[in-house]
Amino acid sequence: MFDLSPLQNIAVWTLPVLFAITLHEAAHGWVAKQLGDPTAQMLGRLTLNPLKHIDPIGTVIVPLIMVTLTSFVFGWAKPVPVTWENLRQPKRDMALVALAGPGANLLMLIFWVLVIFLAAFSANALGAVAAQFMVYMGYAGIFINLVLMLLNMLPIPPLDGSRVMSSVLPNHLAWQYNRIEPYGFIILLVLLFTGVLGQILLPPIDFSMRWLDSLLFR
């Protein structure tokens with residue numbers, strides 16, 4: 001996304017990625033608690049401390065490889081456990097818990113838009129270098145949250161979109177649909193390496209980034 005060195009990319013992407021994955025998972029746990037399931041709280045996952053949500057592969061290894069080889073970063077955190085039997089209306093509430101993650105990403109996207117506005121309006125006070133760094137970080141935050149929001153809404157188990165889909169299907173169909181979950185990661189890898197995932201995600205991402213560009217710098 002940016003013509004930066006690997007070290008500069010690490011500096012730009014670290015906070016946006018950590019915030020994106022941490023708040024995404026914490027939102028799942030917070031909504032689950034409001035709906036009757038304290039599992040995440042009992043396990044110490046109802047926190048904004050990134051250390052509680054870090055997955056060694058998804059939060060450390062994959063982002064480091066991507067920031068070295070590409071111009072952007074992607075990653076994931078440890079899923080927050082939800083005990084659906086504790087929920088007051090399990091089928092409905094699982095959908096609400098699932099939507100909480102992408103919803104948090106949408107709010108963070110808006111936050112990073114505001115960061116860019118602040119950098120633009122305070123450039124003289126901040127200095128050119130600091131303002132440019134904030135703009136880069138803001139775009140990184142917008143991008144990673146947009147990707148996580150759209151990716152997680154795909155109806156592929158165990159992504160959040162599959163929880164929503166399962167909640168609207170009749171019970172017998174939902175049971176059959178959820179049996180795909182053990183193969184979900186393989187399905188995602190196949191879609192990724194065949195280019196299908198890019199064909200699904202890149203058009204809305206490109207449209208959204210272009211629209212935000214026109215909004216921020218018209």
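One-based numbering along the sequence shown. Just the heavy atoms: all of them, side chains too, but no hydrogens, waters or symmetry mates, feed the values below.
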Keeping to residues at least two apart or across chains, list the salt bridge (charged side-chain N to carboxylate O under 4.0 Å, His left out) pairs with something in residues 179-191.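 The answer is R163-E181.
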
Test item: [X] side-chain N/O and [Y] main-chain N/O as donor-acceptor pair under 3.5 Å:
X    : Y    : answer
N145 : G141 : yes
S162 : L159 : yes
T47  : G44  : no
Q34  : W30  : yes
S122 : A119 : no

List in chain and number order the residues that pass side chain to side chain donor-acceptor pair (under 3.5 Å) with [X], two or more places apart in sequence or in another chain; answer none if no residue qualifies.
X    : result
N49  : none
R88  : none
H53  : R45
S166 : N178

Are any of the side-chain heavy atoms of [X] and [Y] separated by less than 4.5 Å?
X    : Y    : value
I142 : M108 : no
S167 : R92  : no
V115 : F111 : yes
L212 : V113 : yes
I10  : T14  : yes
F133 : Q8   : no
M134 : I116 : no
N105 : L109 : no

When clusters are formed by joining ILVMFWY residues with side-chain heavy atoms under 4.5 Å apart, either directly or through shared neighbours, do [X] and [Y] land in the same one?
X    : Y    : value
M153 : F143 : no
I180 : L169 : yes
L35  : L99  : no
W175 : W84  : no
V17  : L146 : yes

Nearest non-hydrogen partners of [X] and [Y], listed with the distance:
X    : Y    : answer
Y177 : I156 : OH-N, 4.1 Å
V80  : A40  : CG1-CB, 3.4 Å
V164 : A98  : CG2-CB, 4.3 Å
M149 : L106 : SD-CB, 3.7 Å
H28  : P102 : CE1-CD, 4.5 Å
I144 : W13  : CB-CZ3, 4.1 Å

Is the count of non-hydrogen atoms from other residues, nucleotides or ligands lying under 6.0 Å from F121 atom CZ greater than 12?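 No, the 6.0 Å shell around CZ holds no more than 12 heavy atoms from other groups.
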
Please say whether more than 12 non-hydrogen atoms of neighbouring residues, nucleotides or ligands are located less than 6.0 Å from CG in L7. no

Show the atom names and distances, to 0.1 Å, of all donor-acceptor pairs under 3.5 Å that link a side chain in residues 183-200 to residues at least two apart or in another chain.
| from | atom 1 | to | atom 2 | distance (Å) |
| --- | --- | --- | --- | --- |
| T194 | OG1 | V190 | O | 2.7 |
| T194 | OG1 | L191 | O | 3.3 |

Does a side chain donor of either D160 or H24 reach within less than 3.5 Å of an acceptor in the other side chain? yes

What's the separation between atom NZ in K78 and atom CG in L43, rounded to the nearest 0.5 Å?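 Rounded to the nearest 0.5 Å, the NZ-CG separation comes to 9.5 Å.
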
Rounded to the nearest 0.5 Å, how far does CH2 of W112 lie from OH of Y139? 14.0 Å

Dump the intermediate steps for salt bridge (charged side-chain N to carboxylate O under 4.0 Å, His left out) on K33 and D37, then the final yes or no. CA-CA 5 Å; K33 182 177 182 294; D37 177 33; over 6 Å; no

